[in-house]
Amino acid sequence: MCVSWQERFADTPDVLASAACRQTVVDVLDLKIGAGECIAMAGPCSVETEFQLIATALHVRRSGARVLRGGAFKPRSSPYAFQGLGLEGLKLLARAREESGLAIVTEVLSECDVSLVAEYADILQIGARNMENYALLEAAARSGRPILLKRGLVATIADLLRSAQLILNFGNPNVMLCERGIRTYETATRNTCDITAIPVLNELTHLPVIVDPSHATGKRWLIKPMSLAGVAAGADGIMVEVHPRPDEALSDGEQSITIAQFTDMMAGLRAVHDQVGDLHGDPVLPNAVLKVGGGR
Ligand code: PEP
Ligand code: MN
């Protein structure tokens with residue numbers, strides 16, 4: 001059976017690319033995400049100390065990052081692991097923005113915290129574990145802040161688009177989709193980075209697409225190759241974990257790169273972005289046809 005992508009994803013009509021809307025550009029401070037520049041979002045998994053955050057911010061800025069990431073409220077697999085600094089972490093992020101000029105993206109875990117996090121952050125991150133937390137999506141949407149929506153651990157592309165549609169329904173058009181790896185039978189890496197999702201989302205939707213190779217792979221040495229692959233596949237940006245001393249990080253040290261590794265990676269990223277920029281033509285939609293239920 002062959003159906004058009006419009007039919008296949010008919011329950012999320014407003015996220016689909018169309019002749020009327022090919023590409024959403026999300027404005028954040030002086031940034032335009034989705035407008036052709038490859039945006040690097042970089043910083044520690046968790047905000048830990050003022051030194052850790054400000055040193056990271058200043059260094060990644062110098063190497064070309066445009067957004068500083070860092071969790072103040074942390075969703076941890078273990079209830080005994082570091083849970084984040086909370087409000088103190090948000091204040092440190094705001095200080096880092098003042099010092100570096102970088103925009104801030106940070107996760108909001110609960111709808112109760114949305115107004116607080118929105119006061120400090122430029123972009124609200126909805127984490128993978130919360131992709132289908134509809135009360136949180138509604139509150140985050142209503143805050144008016146741009147939203148980085150991470151793909152759930154076991155979410156299909158259609159599931160991701162349904163959550164994006166929900167945010168749009170609550171009046172917030174500034175949604176970025178983030179591929180951060182999905183659970184598969186493969187255990188060599190933390191998750192499986194679904195690189196295919198990047199061109200599919202680019203083709204299918206008008207929303208900017210960000211790839212997060214840190215959570216997708218769980219391994220420091222894989223961040224560079226998978227960032228390059230993500231950009232080659234057409235991502236509008238990357239999100240990577242960077243720490244001045246990854247081995248001492250309170251969370252996700254094994255998947256955090258050093259500042260020197262980030263600098264090296266950014267040079268490669270610029271080269272790939274320049275090379276592939278022209279290769280990604282206009283989306284094939286609205287006439288593209290997707291074969292549903294085809295053989296392997
Ligand atoms: C994070 O970015 O800090 C994070 C927890 O990511 P994810 O929700 O993708 O696991
Ligand atoms: Mn992390």
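All ligand and atom numbering here is 1-based and tracks the order in the structure.
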Test: Glu107 and Arg69 ion pair at under 4.0 Å = no
Residues Asp122, Arg97: salt bridge by 4.0 Å N-O rule = yes
Mind running salt bridge (charged side-chain N to carboxylate O under 4.0 Å, His left out) on Arg190 and Asp252 for me, showing each step along the way?
-> CA-CA 11 Å; Arg190 182 176 178 181; Asp252 284 350; 3.2 Å; yes
Would you say Arg129 and ligand 1 have an N/O pair spaced under 3.5 Å apart?
-> yes
Counting from 1, what ligand 1 atoms have a heavy atom of Lys74 closer than 4.0 Å?
-> 3 (O)
Arg220 bridged to Glu254 by N-O distance under 4.0 Å | no
Under 4.0 Å between a Lys/Arg side-chain N and an Asp/Glu carboxylate O for Glu138 and Arg142?
-> yes
In the protein, which heavy atom is nearest to atom 8 (O) of ligand 1, and how far is it?
-> Ala128 N, 2.8 Å
Will you find, in the side chains of Arg76 and Gln83, an N or O donor that is under 3.5 Å from an N or O acceptor?
-> no
Can a non-hydrogen atom of Gln125 be found less than 4.0 Å from any atom of ligand 1?
-> yes
Which of these, Lys150, Arg180, Arg69, Met41, has its nearest heavy atom closest to atom 3 (O) of ligand 1?
-> Arg69
Which N, O or S atom name in His215 marks its closest approach to the Mn ion (ligand 2)?
-> NE2
At a 4.0 Å threshold, what atoms of ligand 1 neighbour a non-hydrogen atom of His215?
-> 1 (C), 2 (O), 3 (O), 4 (C), 5 (C), 6 (O), 10 (O)
How about Asp264 and Gln261: does a side-chain donor come under 3.5 Å of a side-chain acceptor?
-> no
If we number the atoms of ligand 1 from 1 as shown, the ones under 4.0 Å from a heavy atom of Glu107 are 5 (C)
Test side-chain contact (heavy atoms from CB on, under 4.5 Å) on Asp236 and Cys38 and set out the steps.
-> CA-CA 5 Å; Asp236 296 288; Cys38 176; over 6 Å; no
With the Mn ion (ligand 2) as the reference point, give the N/O/S atom of Glu241 that is nearest.
-> OE2
Relative to the heavy atoms of Gly127, which atoms of ligand 1 are at a distance of less than 4.0 Å?
-> 8 (O)
Please name the atom of Asp252, restricted to N, O or S, that is closest to the Mn ion (ligand 2).
-> OD2
